[in-house]
Enquirer: 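The structure's right below; bear with me while I get my questions together.
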Amino acid sequence: MKILVINCGSSSLKYQLINMEDESVIAKGLCERIGIDGSKLTHQPAGKDKVEIEKDMPTHQTAIELVMDALQNPEHGVIKSTDEISAIGHRVLHGGTTYSESVVVDADVKRVIRECFDLGPLHNPANLMGIEACEAAMPGKANVAVWDTGFGMAMPEKAYMYAIPHEYYEKYGVRRYGFHGTSHMFVSGEAIKFGNLDPEKAKVIVCHLGNGASVSASIGGKCVDTSMGLTPLEGLIMGTRSGDVDPAVVQYICNKEGKDVNEVLNILNKKSGVLGMSGGVSSDFRDIEAAKSSGNHLAEVALEAFIYRVAKYIGAYTAAMNGVDAIAFTAGVGENDKSSRKAICEYLGYLGVKIDDAANDVRGKMTVISAPDSKVKIMLIPTNEELAIARETRRLTE
Ligand code: ADP
C-alpha cells in the first residue's frame, strides 16, 4: 500500500510517497513559487539523484500534475501509474471546533475547511486547493484531512477557554486550539511505545522546538494542554514569534509608533522571538548560539529566555497533570541541540530529572537521554509528521 502525503502552503507544495508495508519513503519533493515567476519542482526518488524541474506552476492544480508526472517519469519516477497510490493524506491546518479526528474528505469537510479560512488565512485556502487538485488529478481516490489543530481539541474547557467575554467564543470560536498537533500526536505516541509506558495512563510532555515551537501535555495520548492558542503566536519564544506577551504591549506600541494592530501583530509573528530579542542577529538557533559564544549579550539573553520559557511550561504542565512520566524533545532544536536540552533539564532537578551527558550527545535518533535513576524519562524522539499523516490515512481508508 502506497500513500501520498501532501502539505500545501500558499505558494508551496511538499509531498512524500510512503510505502506503508515498511513505512519507507519512496520519493519526496517540493514545489516552490507556485503562482509566482520562477516556479520549480525538486523531486527526490529514494536512492537516486535529486532532479530539479523548472516549469511554470500558476496554480496548485498544475503543481499536482507536475508531481504526478515526476512520480511516473520513466527515468526518475517511482511508480508506473497512479493506480499504485491507494489514498492521499493532507495536512490541513484548521478544523475549527468541528473536527478533532482525521476524516475522509467529502463536501462537508471541504465546507468546514472553507469556514475556517478566517482562522487559518494563509494555510486553509492552500490546503483546500491541494485537496481539490488531487481530486481532479486522481478522481475516485480517497483524500484524508489530518488537522494540525486536531490533537489540541481534546483539551478540557478550563484549558482552552480564554478569560474574555463568552460571546466571542459563541460567535467566532475564539478559544485555544493548539497547533503542531500531528507532531505532538506522533511524538507522544512514539514516546509511550519507546519508553515502555502505560498507553492509557502515561503522562507525557512533548517539547516541539523548531523555528515554530510548542509544548503539549497529554495523558494516555490525549491532550490536556498545549501552548499555542487561537493562532500559533501564543506560548514559547520561537524563531520569529514572541509567544506569550501582555496584550497591552500591542496597544502601547501602536500608540507610540503610530502603527495599527495588524502591523504590530505582524511584528510579533515575524520580527520577534529570538530574532527580535537578539537585536536582529537571526531567527536560526544555530546563529543565536554562535553569537552568544562570541560574546553577544542580547543573543545570550534570547537563548536563556527561550530555555527558561520551555522550563516554565514544563513546570506548569507537570502541575496540570499532577506529575509527569516522560518528557520528549523533538524538531530542529529539540533533535539536534544537546546544550538546549541539557539547559532545560537543569531547571527540572526538583522533579528528579537527571540527564545522562553521554546519552544526550546524540542527534536525530530516538534515544533515552536521562540517567537510569532519573525519576522522569527524558527522550529524544524525532518527529515525522508525514508518516503520522500517512498512518492516519491508512487507518481511515484500509
Ligand atoms: P520548522 O519546521 O518550524 O521550520 P525545524 O523543526 O526545522 O523548524 O527547526 C529549525 C530550527 O532548528 C532552526 O532554528 C535551526 O537553527 C535549529 N537547529 C537545527 N540544528 C541545530 C543545532 N545543531 N543546534 C541548534 N539549533 C539547531
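Remember, it's 1-based here, ligands and their atoms both numbered in the order they're listed.
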Enquirer: Taking the six-membered ring for Trp and the full ring for Phe, Tyr or His, determine whether the centres of H123 and H94 are under 6.0 Å apart.
Expert: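 No, they do not, as the ring centres are separated by 6.0 Å or more.
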
Enquirer: Heavy-atom contacts with ligand 1 below 4.0 Å: which residues, ordered by chain and residue number?
Expert: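 Lining ligand 1 at under 4.0 Å, by heavy atoms, one finds G210, N211, G212, S283, D284, F285, R286, A331, G332, V333, N336, D337, R363.
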
Enquirer: Looking only at non-hydrogen atoms, find the nearest pair between S283 and V274 and report the distance.
Expert: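 Closest approach of S283 to V274: O-CG2, 3.9 Å.
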
Enquirer: Just do the side-chain contact (heavy atoms from CB on, under 4.5 Å) check on R341 and I355 with the steps written out, would you?
Expert: CA-CA 9 Å; R341 290 193 298 261; I355 284 286; 5.8 Å; no

Enquirer: Using 30° and 60° as the class boundaries, would you call the ring planes of H180 and H184 parallel, tilted or perpendicular?
Expert: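 Ring orientation, 0 to 90° scale: tilted.
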
Enquirer: Which class fits the ring pair Y99 and W147: parallel under 30°, tilted 30 to 60°, perpendicular over 60°?
Expert: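 The rings of Y99 and W147 lie parallel, inter-plane angle below 30°.
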
Enquirer: Side-chain donor-acceptor pairs under 3.5 Å in residues 231-239, sequence neighbours left out?
Expert:
unit_1	atom_1	unit_2	atom_2	d
T231	OG1	L233	N	3.2
E234	OE1	Y162	OH	2.5
E234	OE2	R176	NE	3.0

